[in-house]
Amino acid sequence: MIVFPEKPTDNEPAGRNDAGRRGADSGVVSLRGNHAGSAEASVLPVSTGATLRFLTSVLRARAVVEVGTGSGATALSLLEGMAADGLLTSIDLDPDAQRTARAALTEAGVPGNRTRLITGVAQEVLLRLTEGAYDLVLIDATKPDYSAYLEPGKRLLRPGGTLVFRGIVPDSDLGDPARRNPGTPRTAALHELLRAVHADPSLVPVALPVEDGLLAIART
Ligand SMILES: C[S@@+](CC[C@H](N)C(=O)[O-])C[C@H]1O[C@@H](n2cnc3c(N)ncnc32)[C@H](O)[C@@H]1O
């Protein structure tokens with residue numbers, strides 16, 4: 001059973017938790033790209049960026065898949081930890097998001113040959129990617145879909161590779177009593193995901209109290 005703190009804390013002020021190579025004044029990974037038209041869309045908490053950067057670094061990742069390109073902020077963190085010749089494949093069904101992310105990554109100095117942005121429905125695109133060829137797969141998309149990404153994500157990993165889900169604390173476990181209804185689609189899907197992970201002896205999970213929870217799952 002994965003146990004989480006009652007309420008994850010990730011609202012530290014700028015620079016407080018940044019052990020990476022960013023300056024103390026950069027408390028968020030902030031890309032100018034903002035397809036959703038809101039400031040939050042292009043901002044990533046430092047602890048999330050640092051954790052993603054750490055994971056790709058410790059895995060010496062050369063091939064990574066991301067579901068949910070969004071603004072490109074998580075993509076940038078993943079790329080920062082990857083090998084210099086590594087390739088990030090990032091999938092999003094929103095072409096505007098990908099255009100904006102591409103521009104933001106270019107502005108951040110990422111060469112075009114480091115990323116492969118695929119516009120499409122991730123559940124379909126993942127099936128076309130090569131089995132066992134990836135060091136890390138990040139799922140950062142719609143939470144009620146999360147349990148459906150476990151098998152396709154696992155299929156892509158090499159032994160020792162890691163599947164990461166961003167935002168895995170069910171509503172029912174968040175501190176806000178108004179969100180404790182166990183019947184929400186998000187809560188049901190996240191409980192289903194956690195059950196499936198625990199039922200699979202080939203997986204070694206750890207739930208990290210970063211933002212709304214990062215679930216990192218090593219494939220043995
Ligand atoms: C939380 S945002 C991702 C944030 C992003 N990682 C960032 O750094 O800004 C979720 C993204 O997942 C995309 N998405 C949701 N469901 C999807 C699906 N089934 N296939 C592909 N993309 C999907 C949305 O279009 C959205 O851009």
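When a ligand or atom number is given, it counts from 1 through the structure's own listing order.
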For this session: Take Thr142 and Arg186 through the test side-chain hydrogen bond (donor to acceptor under 3.5 Å, both in side chains) and record every step on the way to the result.
Result: CA-CA 9 Å; Thr142 308; Arg186 173 184 163 126; over 6 Å; no
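- For ligand 1, one of its N or O atoms has an N or O atom of Asp140 under 3.5 Å away.
- Linking ILVMFWY residues whenever their side-chain heavy atoms come closer than 4.5 Å, directly or via other members, places Val58 and Leu78 in the same cluster.
- Ligand 1 lies nowhere less than 4.0 angstrom from a heavy atom belonging to Ala75.
- One hydrophobic cluster, built from ILVMFWY side chains closer than 4.5 Å, holds both Leu214 and Val206.
- When the options Leu93, Leu52, Leu78, Asp96 are ranked by their closest heavy atom to atom 18 (C) of ligand 1, first place goes to Leu93.
- Contact annotation: for Val67 versus ligand 1, there are no heavy atoms closer than 4.0 Å.
- The heavy atom nearest to atom 26 (C) of ligand 1, considering only Asp92, Thr74, Val121, is found in Asp92.
- No N or O atom of Leu44 sits closer than 3.5 Å to an N or O atom of ligand 1.
- Using a 4.0 Å heavy-atom cutoff, Thr69 is listed among the residues neighbouring ligand 1.
- Considering backbone and side-chain N/O of Gln123, one or more are found under 3.5 Å from N/O of ligand 1.
- The heavy atom nearest to atom 5 (C) of ligand 1, out of those in Pro144, Gly68, Gly49, is found in Gly68.
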For this session: Given side-chain hydrogen bond (donor to acceptor under 3.5 Å, both in side chains), test Ser90 with Glu66 step by step and report yes or no.
Result: CA-CA 5 Å; Ser90 187; Glu66 172 183 58; 2.6 Å; yes
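- Side chains of Thr184 and Thr187: a donor on one and an acceptor on the other come within 3.5 Å.
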